[in-house]
Number of protein chains: 2
Amino acid sequence: MATIKDVAKLAGVALSTASYALNGDSKVSAKTRAKVVEAARQLNYRKNGIAMDLKRSQTNTIALILTDMSGPYYSELIHSVQEVAISNGYDLIACSSMGGRDSTAVKFLREKRVDGAIVLASNINNEVLIEAAEQGFPIIVMDREINSDFLVSVLVDGEQGGYVATRYLIDHGHKRIAYISGPANSYDSQLRYQGYLRAMAEAGLEEQSKWRLNGNFVREGGYSATKMIIMQGELPSAIFYGNDEMAVGGVKAFQEQGISIPEQVSVIGFDDIQLSEYLSPSLTTIRQPMHEAGSLAAHLLFQRLSGADVNREYKLTIEMIERNSVRQL
Amino acid sequence: MATIKDVAKLAGVALSTASYALNGDSKVSAKTRAKVVEAARQLNYRKNGIAMDLKRSQTNTIALILTDMSGPYYSELIHSVQEVAISNGYDLIACSSMGGRDSTAVKFLREKRVDGAIVLASNINNEVLIEAAEQGFPIIVMDREINSDFLVSVLVDGEQGGYVATRYLIDHGHKRIAYISGPANSYDSQLRYQGYLRAMAEAGLEEQSKWRLNGNFVREGGYSATKMIIMQGELPSAIFYGNDEMAVGGVKAFQEQGISIPEQVSVIGFDDIQLSEYLSPSLTTIRQPMHEAGSLAAHLLFQRLSGADVNREYKLTIEMIERNSVRQL
DNA sequence: GTGAAAGCGCTAACAA
DNA sequence: TTGTTAGCGCTTTCAC
């Protein structure tokens, strides 16, 4: 591996001159520059980015931290963040937080291998975030409320989402409404559930405990929970799935039993994943404004990076996506 | 930002002792270690990973480079690579190659910000890869054949895939078969097309130029190409879409015109994206063994990293996924 | 068991 | 315009 030292030597100039030449500094003469560039070419010289970062004390890259880098659900988010990063002249990398404390994500956060981060990974606990964030190392958190300097939250109003979804069912004449939840410790799941409860209470409806099941936010969980409901004999008139993944599983369970949606049971989801539009019937759901959320998060990060002050918390509102899985009673 | 120097000073020990203590070296006494750890805690000391990487001349992380970090299609790949990375004690980051020469991906490759990379990004040209790869910096390429030291290819046999897909249609009695291609410069598209041609020729069938359209591998392209075919009046009996995304667009175009699949026209795709199973009718397609491919690529990378020799090229075979979009004539 | 010091490859202030 | 030099924060050899 040739270093800049080798290049300088071969070109017969000082180290600094080589550095200037290679970085396009205007104070080096065209002739010298040519010599240096030629030497670099000959040696197949490649700058060591790490050394540069160390010297500059900045990496010019930000990290997007996700539990699982690959969820289709993140697509929009990644795009919008990337767009903003590029337009600010920054690079973006994605890291996974799988593995918790020894995950890549935590390493990048703790060891400051990037200049800032956007986090959407519920398996990273508050403590890690609070410790990592500091002056000059802003973190934008997208999945929780958290109160600490150098940390800002960009949230989607899940309580409202849960309320709107449930309200939509009620307005369509449904009274016996089941809720399939995510993991018990999920902040998102709790909010949606609260919204559900609020709408139910407001309409004077009672939640039935046999119709509150856990599906862990995964397809398989939605499937099992739905099976359970079917086996109980009495079907609710509508089911609110805490996310679309579980709804997909639920739809499958109903199909297998020959129970038709929305004729025999109405279904509503949450997230508006890509699949939802293509299910049959297409899934009525709640869309989170992921593009806006990502864009906002990224903008805030760069504002913090440039020293500007921003609020502690931003809350975006959801959008109802009406399709064909809910029947008017 | 406290550095190790500050920690050493506060603990009243030498720099090196602090380093040893913090890294759990056995030669420092329990008492000294306690002092150091306490000082670090007080100062909220965080090791600077970049400095460490520079000193060690290695980062312990590998990069997975994708054109677009978010394609649902990559999900399996990412998982399998991550699994192998973790089991080798390495970290994984994903970078996008959007932006070509000034993309994050190229920067990470050229400036050796990682120890090695797996590349699946057709917008990065050979030259960049050849220049970047060298002794101690292995690159595994998943989307092309490329001949250079320090570069190894892991490929899925696209020609065979195209052949199998087309052959499947022919075996089901189809003779008038259209092919919707990806971008003209796409290596994958070309291979699939060649496989198509081989199967056609073998069966003594002629390709009709009016039924060879470009859909650029995107949904919208599949939609337009299909519209075009419909407008031409005479429908082929089957269409082979170069990938599932285009097939999804095509199915939509047919639905809009009230043309039913597979009764009036059969459809086959390529890739087996998540959606395919949920389309109605569910899409018959060709699955690429992405899990195996990712796993193999990662294993090879670590083998190269540890100095072992591996072959220049590995080729995996595809799998036929029979569903309901092709009719037996 | 602890400390002094060299140096990873680079940038940038300062001197010439 | 070019060269000399001091670090960035860390690990690690070597001497004590």
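In the text below, chain A, chain B and the rest are named by the order of the sequence lines, each starting its count at 1. The figures here come from the full heavy-atom set of this structure, side chains too, leaving out hydrogens, waters and symmetry mates.
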Using the test side chain to side chain contact (heavy atoms under 4.5 Å, CB included), find all partners of Ala308(A) that sit at least two apart in sequence or belong to another chain. Gln303(A), Ser306(A)
Is Ser16(A) touching bases, backbone alone, or none of the nucleic acid, heavy atoms closer than 4.0 Å? base
Any side-chain donor near an acceptor of the partner, Thr59(A) and Asp53(A), under 3.5 Å: no
Those residues that, when tested against Glu313(A), pass side-chain hydrogen bond (donor to acceptor under 3.5 Å, both in side chains) (two or more places apart): none
How is Thr3(A) classified with respect to the nucleic acid when contacts are heavy atoms under 4.0 Å: base, sugar-phosphate, or nothing? sugar-phosphate
Does the Ser186(A) side chain pair with the main chain of Ser189(A), one donor and one acceptor, at a distance under 3.5 Å? yes
Mind checking what makes side chain to side chain contact (heavy atoms under 4.5 Å, CB included) contact with Lys27(A), not counting sequence neighbours? Tyr20(A), Asp25(A)
Any side-chain donor-acceptor pair under 3.5 Å between Ser97(A) and Asn123(A)? yes
Please identify each residue that fulfils side-chain hydrogen bond (donor to acceptor under 3.5 Å, both in side chains) with Asp149(B), with sequence neighbours left out. Arg312(B)
Restricting to side-chain hydrogen bond (donor to acceptor under 3.5 Å, both in side chains), what partner residues turn up for Ser103(A), sequence neighbours left out? none
What are the bounds, 5' to 3', of the part of DNA chain D that sits under 4.0 Å from heavy atoms of chain A? dT1(D) to dG9(D)
Give the residues of residues 23-32 of chain B touching DNA chain C, defined as any heavy atom closer than 4.0 Å, sorted by residue number. Lys27(B), Val28(B), Ser29(B), Thr32(B)
Nucleotide range of DNA chain C lying under 4.0 Å from chain A heavy atoms: dG9(C) to dA13(C)
Terminal helix-axis angle for the helix from dG1(C)-dC16(D) to dA16(C)-dT1(D), with five pairs defining each axis and rounding to 10 degrees: 40°
Donor-acceptor under 3.5 Å (Ser80(B) side chain, Glu76(B) main chain): yes
Which ring pair (Phe, Tyr, Trp, His ring centres under 6.0 Å) pairs, counting each pair once, include a residue from residues 75-128 of chain B, with sequence neighbours left out? Tyr90(B)-Phe302(B)
Of Ala14(B) and Leu54(B), whose nearest nucleotide on DNA chain C comes first from the 5' end? Ala14(B)
Mapping Lys55(B) and Tyr20(B) to their closest nucleotides on DNA chain C, which lands nearer the 5' end? Tyr20(B)
Taking NZ in Lys107(A) as the centre, count heavy atoms belonging to other residues, nucleotides or ligands within less than 6.0 Å. Is the count above 12? yes
Can you list the residues that meet the side chain to side chain contact (heavy atoms under 4.5 Å, CB included) rule with Ala297(A), with sequence neighbours excluded? Ile118(A), Ile140(A), Met142(A), Val154(A)
Among all residues two or more places apart in sequence or in another chain, which pass the side-chain hydrogen bond (donor to acceptor under 3.5 Å, both in side chains) test with Lys35(A)? none
